[in-house]
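Notes follow once the structure below has been shown.
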Amino acid sequence: MKKQGLLVIISGPSGSGKGTIVGELTKKENFSLSISATTRAPRPYEENGVHYFFRTKEEFEEMIAHQELLEWAEFCGNCYGTPRAYVTEQLQKGQNVILEIEVQGALQIKKLYPEGVLIFLVPPNLEELGRRLTNRGTEDEETINRRIHRAIEEMELVQKYDYVVINDTVEQATEDILDIVHAETMKCSRNQEIQKVFKGEI
Ligand code: 5GP
């Protein structure tokens with residue numbers, strides 16, 4: 001029987017660098033990256049079906065009603081959710097899957113998949129977070145302030161995560177996450193079939 005893939009859930013305040021780190025992770029290893037659905041308007045460089053599946057509020061509600069989402073949450077006035085089919089298919093195929101989602105969704109996933117690995121990515125400090133959000137230039141001042149406020153709230157949930165990684169440099173944070181993933185795949189609880197191999201049962 002094929003071993004299930006590992007579900008890696010990365011959260012962290014906007015501006016913590018999640019997007020960049022996830023991009024690096026997928027370059028270095030063969031992860032399946034789940035594309036979320038959202039009611040947020042696309043940013044200029046964003047493409048439907050690449051960065052997100054951009055949906056109207058009505059379409060999003062239909063996805064919820066048809067149980068097409070593994071989890072969903074509201075974040076700063078918009079809805080975001082993880083399409084169920086892709087994630088379950090990939091895990092069953094033995095593929096490791098990354099979700100880049102906010103805290104409420106991550107905690108919902110942990111209930112459904114207790115074996116999932118929750119990683120919280122943080123910027124080195126609050127000033128750096130503000131600087132990154134401003135430099136990104138994709139949000140107006142009010143949205144930036146809302147996101148900083150939200151970041152402080154999210155930090156309170158860090159203790160519910162399995163790991164915290166400080167994103168000081170992209171290279172180091174990426175390596176740290178890969179170390180976590182490698183150690184997790186070697187956990188005895190994920191390798192119970194090894195006994196059977198030695199007994200010649202499989
Ligand atoms: P942004 O608008 O900056 O793309 O995303 C805002 C927040 O929503 C980020 O923290 C991002 O990780 C989170 N997010 C993106 N997709 C999902 C999803 O499918 N579910 C949940 N719960 N959060 C998501």
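One-based numbering, in listed order, for ligands and for the atoms of each. Keep in mind the model is a prediction, meaning the values are calculated, not measured.
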Q: Might you confirm whether atom CD of Glu201 has over 12 heavy atoms from other residues, nucleotides or ligands at distances under 6.0 Å?
A: yes
Q. Given that the side chain starts at C-beta and the backbone is N, CA, C, O, which of these parts of Glu139 lies under 4.0 Å from ligand 1, counting heavy atoms, or is it both or neither?
A. neither
(Q) Are any of the N/O atoms on Arg136, whether in the backbone or the side chain, positioned under 3.5 angstrom from an N/O atom of ligand 1? (A) no
(Q) Rounded at 0.5 Å granularity, tell me how far OG1 in Thr82 sits from CG in Leu99. (A) 5.0 Å
Q | Pair Glu127 + Arg131, salt bridge at N-O below 4.0 Å | A | no
Q. Where is the nearest protein heavy atom to atom 19 (O) of ligand 1: which residue, which atom, and how far?
A. Ser36 OG, 2.7 Å
Q: Have a look at ligand 1 and work out which part of Lys18, if any, has a heavy atom under 4.0 Å from it: side chain, backbone, both or neither.
A: side chain
**Q.** Under 4.0 Å to a heavy atom of Ala73 - the qualifying atoms of ligand 1, by number
**A.** 22 (N)
Q: Run the numbers on Arg190 and Glu115 for salt bridge (Lys or Arg N to Asp or Glu O under 4.0 Å), then give the verdict.
A: CA-CA 9 Å; Arg190 293 189 206 277; Glu115 66 283 11; over 6 Å; no
Q: Report the part of Tyr80 (side chain from C-beta onward, or backbone N, CA, C, O) that has a heavy atom under 4.0 Å from ligand 1; answer both or neither where that applies.
A: both
Q) Closer than 4.0 angstrom: is that true for some heavy atom of Gln108 and an atom of ligand 1? A) no
Q: Decide yes or no on salt bridge (Lys or Arg N to Asp or Glu O under 4.0 Å) for Glu175 and Lys28, but give the supporting numbers first.
A: CA-CA 10 Å; Glu175 285 308 314; Lys28 293 198 167 201; 3.0 Å; yes
(Q) I'd like to know whether Glu139 forms a salt bridge (Lys or Arg N to Asp or Glu O under 4.0 Å) with Arg146, so could you lay out the CA-CA distance, the side-chain angles of the two residues, the decisive distance to 0.1 Å, and finally the verdict. (A) CA-CA 10 Å; Glu139 274 89 17; Arg146 260 172 102 180; over 6 Å; no
Q) Do any nitrogen or oxygen atoms of Glu154 come within less than 3.5 Å of a nitrogen or oxygen of ligand 1? A) no
Q: Report yes if some N/O of Glu46 lies less than 3.5 Å from some N/O of ligand 1; otherwise report no.
A: no
Q: Could you find the nearest protein heavy atom to atom 22 (N) of ligand 1 and give me its residue, atom name and distance?
A: Glu102 OE2, 2.7 Å
Q: Would you check whether Glu100 has a nitrogen or oxygen atom less than 3.5 angstrom from a nitrogen or oxygen atom of ligand 1?
A: yes
Q: Measure across Tyr86 and Ser32 and return the closest heavy-atom pair with its distance rounded to 0.1 Å.
A: OH-CB, 3.2 Å
Q: Under 4.0 Å from a heavy atom of Phe75: give me the atoms of ligand 1 that qualify, with their elements.
A: 6 (C), 7 (C)
Q | Taking atom 3 (O) of ligand 1 as the reference point, the nearest protein heavy atom with its distance | A | Arg147 NH1, 2.8 Å
Q: Take Arg150 and Glu102, measure what salt bridge (Lys or Arg N to Asp or Glu O under 4.0 Å) needs, and give me the verdict at the end.
A: CA-CA 10 Å; Arg150 183 64 198 229; Glu102 55 68 67; 3.6 Å; yes
Q: Please say whether Gly81 places an N or O atom under 3.5 Å from an N or O atom belonging to ligand 1.
A: yes
Q: Rounded to the nearest 0.5 Å, what's the gap from OH on Tyr52 to CG on Asn78? Could you check?
A: 9.5 Å
Q: Would you mind running through ligand 1 and noting each atom that sits below 4.0 Å from a heavy atom of Gly105?
A: 22 (N)
Q | Close-contact set for ligand 1 against Arg40 heavy atoms, below 4.0 Å | A | 1 (P), 2 (O), 4 (O)
Q: Please report the closest heavy-atom contact between Arg55 and Ala37, naming both atoms and the distance.
A: CG-CB, 4.4 Å
(Q) Less than 4.0 angstrom from a charged side-chain N to a carboxylate O is my criterion; do Glu193 and Lys196 meet it? (A) no
Q.
Looking at ligand 1, is there an atom of it that comes within less than 4.0 Å of some heavy atom belonging to Arg43?
A. yes
Q) To which protein heavy atom is atom 15 (C) of ligand 1 closest, and what is the distance rounded to 0.1 Å? A) Tyr52 OH, 3.2 Å
Q: Please assess Gln92 against Gln90 for the test side-chain hydrogen bond (donor to acceptor under 3.5 Å, both in side chains), listing each intermediate value before the final yes or no.
A: CA-CA 5 Å; Gln92 272 163 18; Gln90 295 299 306; over 6 Å; no
Q | Protein heavy atom at shortest distance from atom 20 (N) of ligand 1 | A | Glu71 OE2, 2.7 Å
